[in-house]
Amino acid sequence: METLRSLVGDPAPFLETVWRRHARLLRPPTPPAPPVTLADVDAALASGLLRRPYLELVSSGKPLDQGDYTSARSVMGHDFGGYADTAKVLRQLDAGATLLMRNIEHWHPGAAALTDRLGAELDRRVEAFLFVTPPGRQGLAPHRDDADVFVLQLHGSKRWQVHAAPEDGHWEAAPEPDPGPVRLETTAQAGEVLYIPRGAPHSAVGHTAGLSFHLSLTVRQPGTADLRTALARRLDDGLELPRLPVDRAELRRTAAELLDHYREQLAALTPEDLCAAVETARRPGTGTASPDPARTLTSLAAVLGN
């Protein structure tokens with residue numbers, strides 16, 4: 001639990017009294033080294049390869065038009081849109097927009113290593129999102145996330161309002177126009193970590209001085225949609241049917257075979273089996289694989305050159 005310790009301090013009291021219950025601003029005695037820097041963001045923008053949906057710009061709760069911050073690139077005589085345009089992005093930041101970069105663990109080694117470690121400790125899939133907000137500006141409107149969130153303030157500061165977490169599962173990850181009373185209002189400074197429980201509405205405004213830069217680590221939890229997906233996969237396991245029955249009689253035979261197969265599968269399926277299938281599918285490492293540091297073009301060239 002060393003990665004979690006670097007975020008929350010002693011993990012035991014955090015997991016017993018805070019996790020999934022209350023928002024909390026944390027000041028870990030040994031915070032993690034910043035896994036990503038503004039210079040890394042500059043390099044990603046300058047690379048010419050960053051593209052939507054990996055980035056988006058929002059302002060006062062509304063997404064900007066794609067053309068306001070991206071441009072098309074011509075490759076082999078064909079135009080492909082959605083590529084980050086550094087000049088446009090900086091122009092929109094100057095105008096008060098927030099830069100949102102999604103799933104940076106897909107391309108940033110430091111973020112990938114951090115999400116892998118935290119995911120292994122919590123046995124959950126962890127994703128990383130970056131936010132760059134100008135002073136005094138708000139990017140996203142109050143909203144709920146379908147994840148527990150650790151906000152690592154990396155540069156500058158940000159003022160947060162967090163509302164109560166839901167008491168049941170009847171809610172959606174979406175903007176929340178009526179979030180209810182504020183349960184925590186606080187300013188996160190560089191080096192501090194804000195924990196937000198799953199589903200708790202929240203919003204933030206960049207501090208009046210300086211650029212705010214934070215990393216959100218989202219800890220994904222299984223839900224009803226995952227159960228449905230796992231059930232569909234289980235029901236179809238071992239099922240082979242004609243895609244296009246040739247007549248009404250064969251269509252009826254196919255329907256009967258389909259129902260018989262589903263009844264047989266359902267009769268043998270328990271809630272524990274279904275939950276286990278969901279846990280396996282969402283376990284860290286089942287999504288985008290982290291690159292093997294020993295398998296690079298440089299190492300391949302060295303091997304082939306011997």
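Basis for what follows: all heavy atoms, side chains included, without hydrogens, waters or symmetry-related copies. We count residues from 1, following the sequence as given.
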Stepwise, does the side-chain contact (heavy atoms from CB on, under 4.5 Å) test hold for L231 with L266?
CA-CA 9 Å; L231 178 60; L266 285 171; 4.1 Å; yes

Would V205 and Q138 count as a side-chain contact (heavy atoms from CB on, under 4.5 Å) if you check the C-alpha gap in whole Å, the side-chain angles of each, and the deciding distance to 0.1 Å?
CA-CA 5 Å; V205 177; Q138 179 178 3; 4.0 Å; yes

Apply ring pair (Phe, Tyr, Trp, His ring centres under 6.0 Å) to residues H163 and H202 and explain how you reach the verdict.
CA-CA 6 Å; H163 308 261; H202 56 278; 9.0 Å; no

So L55 and L99, side-chain contact (heavy atoms from CB on, under 4.5 Å) or not? Walk me through it.
CA-CA 7 Å; L55 85 160; L99 170 63; 4.1 Å; yes

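Side-chain N or O atoms of E176 include none that pairs as donor or acceptor with a backbone N or O of R144 at under 3.5 Å. In terms of modelled atom types and a separation under 3.5 Å, the side chain of R73 and the main chain of L49 share no donor-acceptor contact. R102 places a side-chain N or O within 3.5 Å of a backbone atom of P53 that can act as its donor or acceptor partner. Without hydrogens or angle criteria, D10 side chain to A12 main chain gives a donor-acceptor distance under 3.5 Å. For the pair H261 (side chain) and D236 (backbone), a donor-acceptor distance under 3.5 Å is absent. With hydrogens and angles disregarded, a donor-acceptor distance shorter than 3.5 Å links the side chain of D85 to the backbone of K88. Without hydrogens or angle criteria, R234 side chain to D273 main chain gives no donor-acceptor distance under 3.5 Å. At distances below 3.5 Å, not a single donor-acceptor pair connects side-chain atoms of D65 with backbone N or O atoms of G67. A donor-acceptor pair under 3.5 Å links the side-chain atoms of Q153 to the main chain of H155, judged by distance alone.
Separating the CG atom in D260 from the CD atom in Q265 is a distance of 12.0 Å, to the nearest 0.5 Å. Rounded to the nearest 0.5 Å, atoms CD (E250) and CG (L241) are 10.0 Å apart. Within the model, atoms CD of Q92 and CG of D68 stand 5.0 Å from one another, a figure rounded to the nearest 0.5 Å. Of the inter-residue distances, the one linking M101 atom CE with W107 atom CH2 reads 4.0 Å to the nearest 0.5 angstrom. Note that the CG atom of L57 and the OG1 atom of T98 stand 8.0 Å from one another [nearest 0.5 Å].
Between Q66 and R52 the shortest heavy-atom distance is OE1-NH1, 3.1 Å. Heavy-atom minimum distance, G61 versus P63: O-CD, 4.1 Å. Nearest approach of A209 to P135, heavy atoms of both residues: N-CB, 4.0 Å.
Using cut-offs of 30° and 60° on the angle between ring planes, the pair F14 and F150 is tilted.
Contact of the P32 side chain with the T3 side chain is not registered, since no non-hydrogen atoms from C-beta on lie closer than 4.5 Å. In this structure, P175 and L140 have side chains that are not in contact, with every pair of non-hydrogen atoms separated by 4.5 Å or more. With a 4.5 Å cut-off on side-chain heavy atoms, I104 and L215 count as touching. Within the 4.5 Å cutoff, the side chain of R124 has no heavy atoms near those of the R220 side chain. Contact check for Q161 versus P179: no side-chain heavy atoms found under the 4.5 Å cut-off. Side-chain contact between W160 and V151 is present, with at least one heavy-atom pair separated by less than 4.5 Å. For the pair Y195/D148, a side-chain contact is recorded, criterion being any heavy-atom separation below 4.5 Å from C-beta on. Contact check for L4 versus L122: side-chain heavy atoms found under the 4.5 Å cut-off.
By the neighbour-count criterion of 12 heavy atoms within 6.0 Å, atom CZ of R159 is densely surrounded, having more than that number from other residues, nucleotides or ligands. For R252, the CZ atom counts as loosely surrounded, since its 6.0 Å shell holds 12 or fewer non-hydrogen atoms of other residues, nucleotides or ligands. Atom CD of E185 sits in a crowded spot, with more than 12 heavy atoms from other residues, nucleotides or ligands closer than 6.0 Å. For R228, the CZ atom counts as loosely surrounded, since its 6.0 Å shell holds 12 or fewer non-hydrogen atoms of other residues, nucleotides or ligands. For CD of E264, the number of neighbouring non-hydrogen atoms (other residues, nucleotides, ligands) closer than 6.0 Å is 12 at most.
Under the 4.5 Å side-chain contact rule for hydrophobic residues, I196 and L217 do not share a cluster. Note on V149: it does not cluster hydrophobically with L118, by side-chain heavy-atom contacts below 4.5 Å among ILVMFWY residues. Taken together through direct or relayed side-chain contacts under 4.5 Å among Ile, Leu, Val, Met, Phe, Trp and Tyr, L269 and L235 form part of one hydrophobic cluster. L93 and L154 fall within a single hydrophobic cluster, where Ile, Leu, Val, Met, Phe, Trp and Tyr side chains are chained together by heavy-atom contacts under 4.5 Å. Under the 4.5 Å side-chain heavy-atom criterion for Ile, Leu, Val, Met, Phe, Trp and Tyr, Y54 and L130 are members of the same hydrophobic cluster.
Using modelled atom types, one finds no donor on one side chain facing an acceptor on the other under 3.5 Å when comparing D226 with T229.
Remark: D146 engages R198 in a salt bridge, criterion side-chain N to carboxylate O under 4.0 Å. Salt bridge R91/D94: absent, no basic N to carboxylate O contact under 4.0 Å.
Cation-pi contact between R51 and Y83: present, with separation from the ring centre below 6.0 Å and deviation from the ring axis of at most 45°.
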